[in-house]
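Quick note: numbers below take in every heavy atom, side chains included, and nothing from hydrogens, waters or symmetry partners.
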Amino acid sequence: MPELPEVETIRRGLSLAVEGKRIAEVEVRRRDLRLPLPDDFESSLAGRRVLSLGRRGKYLVLALDDARALIIHLGMSGRMLIEPASRRSNVAALHEHVVFTLEDGTRIRFTDPRRFGLMALAEMAAIDSHPFFLDMGPEPLSESFSGDTLYSAIKGKRTPIKAALLDQHVVAGLGNIYVCEALYRAGISPRRLAMNVGRARVERLVAAIRAVLLEAIEAGGSTLKDYARADGELGYFQHRFAVYDRAGEPCPECDCDIGVAHIVQSNRSTFYCAKRQR
DNA sequence: CACGAACCCTGGCTGC
DNA sequence: TGCAGCCAGGGTTCGT
């Protein structure tokens, strides 16, 4: 579910609640997430202080005071609920698998109906060589992502550019929605083979990816304030998409009468404007 | 090796 | 109304 902007929004919201705090207690209600939680998961985390909360692609990385890291991936349906000590509930939420209680009484509840999410412990010093991150592509909002790096990453690929951008080895953090949106903004057909996306298009694509992600993060930041007032749930947020899930609706940028097209590529839905995107 | 399909799991929506 | 079928923003595995 959550792509880079949602995970970044969750990271920001969570960091306010957990950074610098000690974990008092960890309760596991289900161990069989995408990866089974190890037997020593609770004992490894209890008493640890959270030094910082980072993100790599769609993964959250919590640096702990014992030089280890808690890695969290939310999969398709994972959510984080922050409950301040003042209005803590003793009732377990539906599909609640892991509950962290902090030293100040704050509770962080991880819910994930589909259980595609995961949590794992790793050595912080070697985090970049962890299997999750070893072959991961560059962060799209960092300097290491550029026309040069994207061009060389997709050079020679016979797969459609849509599928190439979903590949986390090419660029980190993009998912189905933001790939559709970025290709739309760049005016590139999702069906075009990656190897046939020339330099000029690659440059437009890099700019479009950055713009789409930054706008979504900004939208997430504003809903974060609403969430802080509401129930503390961190997950999806409302955002206006130009083409995603808008099959048949008129393309917002051109007056073509066809409307937004819906096709299926590698078993995932793609939305695009066949006139604007070539 | 590189690619696409199938699969993991549950809930919600659509259409009969 | 009831229910079968399909779809969902994740990633991995398997077969070609």
Taking atom P in both B:dA5 and C:dC7, compute the distance separating them and give it to the nearest angstrom.
14 Å
Which whole-number value in Å describes the distance from A:Leu213 CG to C:dG9 C1'?
13 Å
For DNA chain C, please output the secondary structure as dot-bracket, reading 5' to 3'. Pairs are Watson-Crick or G-U wobble, both atom distances under 3.5 Å; mark crossing pairs with [ ], other-strand partners with |, unpaired with a dot.
.|||||||.|||||||
Can you check the distance between B:dT14 and C:dG9, where both ends of the measurement are the P atom (answer in whole Å)?
16 Å
Looking only at side-chain atoms of A:Arg158, point me to the closest of B:dC3, C:dG11, C:dG9.
B:dC3
Please check: side-chain N/O of A:Glu25 versus main-chain N/O of A:Ile23, any donor-acceptor pairing under 3.5 Å?
no
Between A:Glu3 and A:Lys58, does any side-chain N to carboxylate O distance fall below 4.0 Å?
no
Using atom types as modelled and distance alone, determine if a side-chain donor or acceptor of A:Arg201 lies under 3.5 Å from a backbone N or O of A:Leu205.
no
Test: A:Glu181 and A:Arg185 ion pair at under 4.0 Å
no
Hey, is the main chain of A:Glu83 close enough, under 3.5 Å, to the side chain of A:Arg88 for a donor-acceptor pair?
no
A:Asn176 CG to C:dG10 P: how many Å, rounded?
6 Å
From C:dG9, C:dG11, B:dG4, pick the nucleotide closest to the side chain of A:Glu6?
C:dG9
Presence of A:Lys157 side-chain N/O under 4.0 Å of B:dA2 phosphate oxygens OP1/OP2
no
Nearest-Å distance, CG (A:Asp245) to P (C:dA8)?
8 Å
Interatomic distance, A:Leu33 CG vs C:dT12 C1' [rounded to whole Å]
16 Å
Does C:dA8 have its OP1 or OP2 closer than 4.0 Å to a side-chain nitrogen or oxygen of A:Ser77?
no
Assign a letter to each nucleotide of nucleotides 7-13 of chain B from its 5' end: B, base within under 4.0 Å of a protein heavy atom; S, sugar-phosphate only; -, no contact.
-BBBS--
Look at the side chain of A:Asn176 and the backbone N and O of A:Ser269, then say whether any donor-acceptor pair between them is shorter than 3.5 Å.
yes
Contact class for A:Pro131 (heavy atom, under 4.0 Å): base, sugar-phosphate, or nothing?
nothing
Please check if the side chain of A:Glu19 supplies one atom and the backbone of A:Leu53 the other of a donor-acceptor pair under 3.5 Å.
yes
For A:Asp167 and C:dG11, what is the distance between atoms CG and P respectively, to the nearest whole Å?
10 Å
Quick one: do the A:Asp104 and A:Thr106 side chains pair a donor with an acceptor below 3.5 Å?
yes
Between B:dA6 atom C1' and A:Gln265 atom CD, what is the distance in whole Å?
18 Å
Among B:dG4, C:dC7, C:dG10, which is the nearest nucleotide to the side chain of A:Ser269?
C:dC7
Once you round to the nearest 0.5 Å, how far does CZ of A:Phe271 lie from CZ of A:Phe241?
11.0 Å
Does a side-chain N or O of A:Tyr178 approach OP1 or OP2 of C:dG9 to a distance below 4.0 Å, or not?
no
What is the ring orientation for A:Tyr59 with A:Phe132, classed by angle as parallel under 30°, tilted 30 to 60°, or perpendicular over 60°?
parallel
Determine the interatomic distance between P on B:dC9 and the same-named atom on C:dC14; round to the nearest Å.
15 Å
Gap between atoms CG and P, on A:Leu166 and C:dT12 respectively (whole Å)
13 Å
